[in-house]
Amino acid sequence: MKTIIFSILIFFGCNRTVAFAQKSVEDSLKNNFLKAKNDSAKRNRLEDLMFFYMQDNTKNSEQKLHELQSLLQNNENKKFSYKLLLYRVVLTHTTDSIVESRKILNEYSEQCLKLN
């Protein structure tokens, strides 16, 4: 009986450690984005954060998208908002939303052409 209780305590303790570790990685990625000096570095840090969110199972898609949108509210960061279009398709795409996904991908392509 004592070993079962001990095992349960260890299990819950490990789960909390993983959650704290994910939060510190998330915060680190956000800070790296905010501290990046030039546009290419900011874009790369934003993509790192997006990849982290794609692998993160602790938040739902809307929360992840909202986190990224709030990060890009600053005027000098708004130019990266086109990246959220592609990210939104990756997070929210279902077989029922093919038409909507195509519209978003077309908009993403247009924004990329404008920036290049």
Side-chain angles (χ1 to χ4, degrees):
M1 182 68 173
K2 289 181 182 179
T3 57
I4 293 173
I5 293 173
F6 184 68
S7 298
I8 291 172
L9 290 174
I10 289 175
F11 175 74
F12 285 117
C14 290
N15 280 344
R16 288 186 65 208
T17 304
V18 170
F20 288 133
Q22 284 184 330
K23 188 64 176 169
S24 66
V25 170
E26 179 183 4
D27 291 340
S28 175
L29 290 170
K30 284 181 181 180
N31 286 333
N32 288 344
F33 170 76
L34 294 172
K35 291 178 182 177
K37 299 293 182 200
N38 59 37
D39 286 349
S40 62
K42 277 188 177 275
R43 187 182 65 242
N44 291 339
R45 299 298 75 81
L46 181 62
E47 289 173 357
D48 291 343
L49 187 58
M50 288 176 176
F51 285 123
F52 170 78
Y53 279 144
M54 284 192 284
Q55 298 170 354
D56 181 22
N57 296 328
T58 60
K59 297 179 181 180
N60 66 31
S61 300
E62 291 81 22
Q63 287 175 316
K64 296 173 189 178
L65 193 59
H66 179 71
E67 291 279 336
L68 290 169
Q69 287 171 333
S70 64
L71 197 62
L72 297 176
Q73 289 301 314
N74 185 332
N75 278 339
E76 48 184 63
N77 295 333
K78 282 188 179 182
K79 60 185 153 197
F80 300 110
S81 62
Y82 75 97
K83 286 284 195 186
L84 295 180
L85 296 169
L86 184 60
Y87 183 72
R88 192 171 104 198
V89 169
V90 171
L91 282 181
T92 62
H93 178 75
T94 63
T95 54
D96 297 337
S97 66
I98 291 175
V99 172
E100 183 66 26
S101 295
R102 284 186 180 166
K103 288 179 187 176
I104 294 170
L105 289 173
N106 285 336
E107 186 179 345
Y108 174 77
S109 297
E110 290 171 7
Q111 293 294 325
C112 288
L113 288 173
K114 286 179 185 177
L115 294 171
N116 290 334

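Just so we're clear, the structure is a prediction, and the values are computed from it rather than from any experiment.
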- Electrostatic pair E110-K114, nearest N-O below 4.0 angstrom: no
CG of L72 to NZ of K78, rounded to nearest 0.5 Å, is 10.0 Å
d(R88 CZ, S61 OG) to nearest 0.5 Å is 12.0 Å
Contacts of S70 meeting side chain to side chain donor-acceptor pair (under 3.5 Å) (sequence neighbours excluded), chain-then-number -> none
#### Entry: Lys/Arg N to Asp/Glu carboxylate O, K42 vs E47, below 4.0 Å
no
What one should report as the nearest heavy-atom pair of M50 and L84 is CE-CD2, 3.8 Å
* Within a strict 4.5 Å, meaning less than it, do heavy atoms of the L86 and I104 side chains meet? -> no
Original post:
Is there a donor-acceptor pair closer than 3.5 Å between any side-chain N or O of N44 and the backbone N or O of S40?
Top reply: yes
A quick test of your reading: do over 12 heavy atoms of other residues, nucleotides or ligands sit less than 6.0 Å from NZ of K103? no
Rounded to the nearest 0.5 angstrom, the CG-CG distance for L65 and N60 is 10.0 Å
Heavy-atom check, side chain of E107 versus side chain of R102, under 4.5 Å:
no
Checklist entry - Is there side-chain contact between D48 and F33, with at least one heavy-atom pair below 4.5 Å? => result no
One should read off an interatomic distance between L68 CG and K30 NZ, to the nearest 0.5 angstrom, of 8.0 Å
Between L49 and L29 the two heavy atoms that sit nearest each other are CD1-CB, 3.6 Å
K64 meets the salt bridge (charged side-chain N to carboxylate O under 4.0 Å, His left out) criterion, sequence neighbours left out, with none
Interatomic distance, CG@L34 vs CG@L71, rounded to 0.5 Å, equals 5.0 Å
Between F51 and M54 the two heavy atoms that sit nearest each other are CD2-CE, 3.0 Å
Can you label the angle between the Y53 ring and the Y87 ring as parallel, tilted or perpendicular, going by 30° and 60°?
-> tilted
| task | Could you walk me through whether K59 and E67 pass the side chain to side chain contact (heavy atoms under 4.5 Å, CB included) test, one step at a time? | result | CA-CA 10 Å; K59 297 179 181 180; E67 291 279 336; 3.6 Å; yes
